[in-house]
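Reviewing the structure listed below.
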Amino acid sequence: MNTAKPFALIALLALLTGCSNKFDECVAKEKESYRTRNPGASYGQVQSKQDEFEMLCSSFKK
């Protein structure tokens with residue numbers, strides 16, 4: 001099962017509904033990008049990179 005699709009769908013829905021901010025959008029994009037580069041990564045592996053994604057997107061934090 002391709003697990004990148006649910007993350008992409010969530011990010012798309014968040015963008016369409018306007019319920020997220022630039023920081024959240026950036027983190028979602030970073031997660032999606034990581035999933036694309038590492039298709040076999042488990043949910044836990046992606047979550048372990050959360051701090052890194054947040055640091056990369058810190059310029060969007062309010």
Side-chain angles (χ1 to χ4, degrees):
M1 180 174 149
N2 186 353
T3 55
K5 288 182 181 179
F7 289 106
L9 180 60
I10 291 169
L12 177 62
L13 289 174
L15 289 171
L16 291 175
T17 61
C19 65
S20 67
N21 59 39
K22 296 283 187 190
F23 175 76
D24 292 335
E25 292 171 14
C26 179
V27 171
K29 286 178 185 176
E30 289 296 328
K31 283 183 180 182
E32 182 180 345
S33 175
Y34 180 80
R35 280 262 185 219
T36 301
R37 292 187 318 269
N38 302 283
S42 69
Y43 175 80
Q45 288 171 315
V46 175
Q47 285 306 107
S48 71
K49 304 283 271 175
Q50 182 73 23
D51 288 339
E52 183 180 325
F53 300 146
E54 290 178 3
M55 186 173 55
L56 289 169
C57 298
S58 64
S59 64
F60 294 110
K61 224 174 198 177
K62 291 181 179 180

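All heavy atoms count here, side chains included; hydrogens, waters and symmetry mates do not. All values derive from a computational prediction rather than experimental measurement.
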* same_hphob_cluster(Val27, Phe60) at 4.5 Å side-chain heavy-atom cutoff -> yes
* Distance-minimising heavy-atom pair for Asn21 and Asp24 -> OD1-N, 2.8 Å
* To do: Kindly give the heavy-atom pair with the smallest separation between Val46 and Phe53, and that separation in Å.
  => O-CE1, 3.7 Å
* Asked: Can you pull the disulfide (SG to SG under 2.5 Å) pairs that have at least one residue in residues 25-62, sequence neighbours excluded?
  -> Cys26-Cys57
* Asked: Side-chain contact, heavy-atom cut-off 4.5 Å: Glu54 with Glu30?
  -> no
* Check: Ser33 side chain, Lys29 main-chain N or O, donor-acceptor pair, under 3.5 Å -> no
* All salt bridge (charged side-chain N to carboxylate O under 4.0 Å, His left out) counterparts of Lys49, not counting sequence neighbours -> Glu52
* Residues forming a side chain to side chain contact (heavy atoms under 4.5 Å, CB included) with Gln45, sequence neighbours excluded -> Ala41, Ser42
* Structure fact -> Hits for side chain to side chain donor-acceptor pair (under 3.5 Å) against Ser48, two or more places apart or cross-chain, chain-then-number order -> none
* To do: Calculate, to the nearest 0.5 Å, the distance between atoms OG and CZ belonging to Ser58 and Phe23 respectively.
  => 7.5 Å
